Peer 1: 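My questions all concern the structure below.
So that the names make sense, note that chain A is the first sequence line, chain B the second, and so on, each numbered from 1. Quantities reported herein were computed from a predicted structural model and do not represent experimental measurements.
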Protein chains: 2
Amino acid sequence: MAGGIIYGGPLSERKKRILRSIIDAHIAMGEPIGSKYLVTSAEIPFSSATIRNEMAELEEMGYLEQPHTSAGRVPTQLGYRFYVDSLMESYKLTAAEIVALNNMLKSKIGELDSIIQNASKLVANLTNYTSVAIKAREKETVRSFSYMILDEHNFLMVMKTSGDKVKTKQVHADILLDENNVSRLISLLNAYCVNVTPDDITYSTIVKMESAMGGAARLVNPAIKAFYDAVATASDSNVRFEGVNKLLEYPEFSNVEQLKRVFSMLENKDDFLDILSRSERDKVNVFIGDGENNFATNSAFIFRPLTVDGKVIGAIGVFGPSRMDYSKVISTVEYLTQKITGIIEGRALPEPEEE
Amino acid sequence: MAGGIIYGGPLSERKKRILRSIIDAHIAMGEPIGSKYLVTSAEIPFSSATIRNEMAELEEMGYLEQPHTSAGRVPTQLGYRFYVDSLMESYKLTAAEIVALNNMLKSKIGELDSIIQNASKLVANLTNYTSVAIKAREKETVRSFSYMILDEHNFLMVMKTSGDKVKTKQVHADILLDENNVSRLISLLNAYCVNVTPDDITYSTIVKMESAMGGAARLVNPAIKAFYDAVATASDSNVRFEGVNKLLEYPEFSNVEQLKRVFSMLENKDDFLDILSRSERDKVNVFIGDGENNFATNSAFIFRPLTVDGKVIGAIGVFGPSRMDYSKVISTVEYLTQKITGIIEGRALPEPEEE
DNA sequence: GTTAGCACTTAGACCTTTTGAGTGCTAAAA
DNA sequence: TTTTAGCACTCAAAAGGTCTAAGTGCTAAC
């Protein structure tokens, strides 16, 4: 190898093979990998001495590191990144896994929310890592209001949102309702509260509306509240974890200090929303270690955004140690999000035989 | 003391005082408490020897135990139970805490769900334990169906439920909608799907409805699906935790084995629903240790059900080590659930000055 | 370019010793 | 009869020391 060794530079085929074997073995066993192991178990056809030389160079190039002098090598972030980007053999989902995924999706033809959440549970079980379900914040406003009178004290407020959904809220009034006063109220809402965020509603707006309502002024407050609720709820985001206890299975998280760091991170759900907002859509994203994110070292976050009509509405992913079974996780997440997107867009579920 | 010592029997005033001091101290420090400590810090006006004698008797009676011969004493479940039931001085919420609670409740005049969840967050912060928010399963059926046509391909299905709520679902159809076919569909729903759980809908029902709809048979399926979603969602229950990382602060959970047990328990949300269903309503319930529940030893669960119209709709509580600041937790949970029940029932929020 | 061999390093396992907190018991004091 | 001082005893946890095994880097031979 002429010339100096470049940090992160190109690798010979042999180096690639050794690096890949080290990472595979480390992912499987969780311990530093030594040269001897590679000769006997990974069947690299060179002596341990040769491998040691290669490993020393891989270390100098930044792909490996040693926890201490007399230990084997462990992959660095750079090592994992390389592995993910180029070395990994794409894991083929087993028939059993595909069936499990399809069954889940079929049985739970329900709300988007519960689909995502069930998918998340399944991912946790299939991969044995903590899974993450994210429902993204949607900034919605109301395009138009209409109504339906339920009885003399209740009417239904129907709001078409900017996202072309329909939200409804039941409004209770302590005065008698009739077509007359409710329709007046609704046209006021259509005048003042269309394409407007809840923060834009000022007290003076409310006063104006109340004076316009005359004797039925008491209807304004509950109506505004219903409007507020509908829009505020929509703009609520949501990050949920499943299988948090699986983290404890991995030795890298088995001391309390590490755990504290990890848990306070998981608690900080905004960080996950942040990462989602900075991610690439329509592909599986992989965050590793702490150079790339403000995550705890030794950990990685793999997820794929869910998009509908070009808008990111959420994500499903996996959180775990950076020595993670990347190919399995990536293919599971990929498969599932594809299917979910299909369901959301109204396509029928394909039979499990496919693939 | 004439006669033999009775297990769990009555206690002299001095024993009570000593027991209480031991538990107070143990709650504060998390370590076994020795006789010397009680003399110097808890200001028990007897010598350490006397206290040792009393402690030996309290141990024999089942209120205390020793982790090992040369250690201090630790309360047993029986000890904690006694403490909770009779010794504890009711903790007075500080003004700051009351203000925080009230502000939270005021700012978030929204969905019940989000109220409970925010309350839960607050409880976790105020008490420094993991908080638990439970939304109970509601078994609901639909009392009557009505509709509102949105455009030529969408209508709104409005369902009055057995719980006197109104649920709505937007239904999309690929055939043209008009007053005629939608109203026919709705009257079929009123004939076949009233007071019925989703499981009662059989395939033959669907076939019957489809043949009755004639040319518009394709409307039946999306309508049934909407009905199913609405009722299934309502019957979904929900257990959420906040501040799980706080558990790590307590030494009793600081070894990985203990943590595994605790986390797999938290994962098992049905257990919490179970406990809720077996709890006493309208008061704060305290589960301690493992004699009383299938909880991990060293842990306790304190919660209060939320009831509306005599039905339990959820609960707010705290999960933590059995050495828990019972009085603080109990008064926080009590206060908050009272207020939330008030809000749900439509009462106005009282001013923070009260109390 | 590859490999065998060897000196060197070091975390972790294992053992022993020391320390100190806390007890139970006995005999004296109140 | 109740309380207390004093003392011998116990035991977990900390501290220290030794040993082992895994794994390395380097040199010299192939």
Peer 1: Rounded to the nearest Å, what distance is computed from the CD atom of residue B:E31 to the C1' atom of nucleotide D:dA13?
Peer 2: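 B:E31 atom CD is separated from D:dA13 atom C1' by 12 Å.
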
Peer 1: Measure from CD1 on A:I18 to P on D:dT24 and round the result to the nearest Å.
Peer 2: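 Result: 12 Å.
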
Peer 1: What one-letter contact string describes nucleotides 18-30 of chain C from 5' to 3', where B marks a base within less than 4.0 Å of any protein heavy atom, S marks contact via sugar-phosphate atoms alone, and - marks no contact?
Peer 2: ---BSBBB-----

Peer 1: Are the side chains of B:F301 and B:T130 in touch, meaning some heavy atoms are under 4.5 Å apart?
Peer 2: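 The answer is no, as the side chains (C-beta and beyond) never meet within the 4.5 Å cut-off.
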
Peer 1: Check the distance between D:dT4's P and B:L38's CG and give it to me in whole angstrom.
Peer 2: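 It works out to 14 Å between those atoms.
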
Peer 1: Starting at atom CD of A:E54, determine the distance to atom P of C:dG1, rounded to an integer number of angstrom.
Peer 2: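 Rounded to the whole Å, the gap is 11 Å.
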
Peer 1: Could you check whether A:E13 pairs with A:K16 (Lys NZ or Arg NE/NH1/NH2 to Asp/Glu carboxylate O, under 4.0 Å)?
Peer 2: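 So A:E13 pairs with A:K16 through a salt bridge.
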
Peer 1: Could you tell me whether the side chain of A:S48 and the main chain of A:K36 form a donor-acceptor pair under 3.5 Å?
Peer 2: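 Looks like no, no N/O pair under 3.5 Å.
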
Peer 1: If you define the side chain from C-beta out and look only at heavy atoms, does anything of A:I288 sit under 4.5 Å from A:Y326?
Peer 2: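 A:I288 reaches A:Y326 side chain to side chain.
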
Peer 1: Begin from the C-alpha positions of A:F319 and A:F241 and carry the test ring pair (Phe, Tyr, Trp, His ring centres under 6.0 Å) through to its verdict.
Peer 2: CA-CA 9 Å; A:F319 178 87; A:F241 302 96; 7.5 Å; no

Peer 1: Map B:P67 and B:R14 onto DNA chain D by nearest heavy atom, then report which one ends up closer to the 5' terminus.
Peer 2: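 Closer to the 5' end of DNA chain D: B:R14.
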
Peer 1: Which whole-number value in Å describes the distance from B:H68 NE2 to D:dA12 P?
Peer 2: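 About 6 Å, once rounded to whole Å.
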
Peer 1: List for me each residue that meets salt bridge (charged side-chain N to carboxylate O under 4.0 Å, His left out) alongside A:E43, sequence neighbours excluded, and say none if there are none.
Peer 2: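 Salt bridge (charged side-chain N to carboxylate O under 4.0 Å, His left out) list for A:E43, sorted by chain: empty.
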
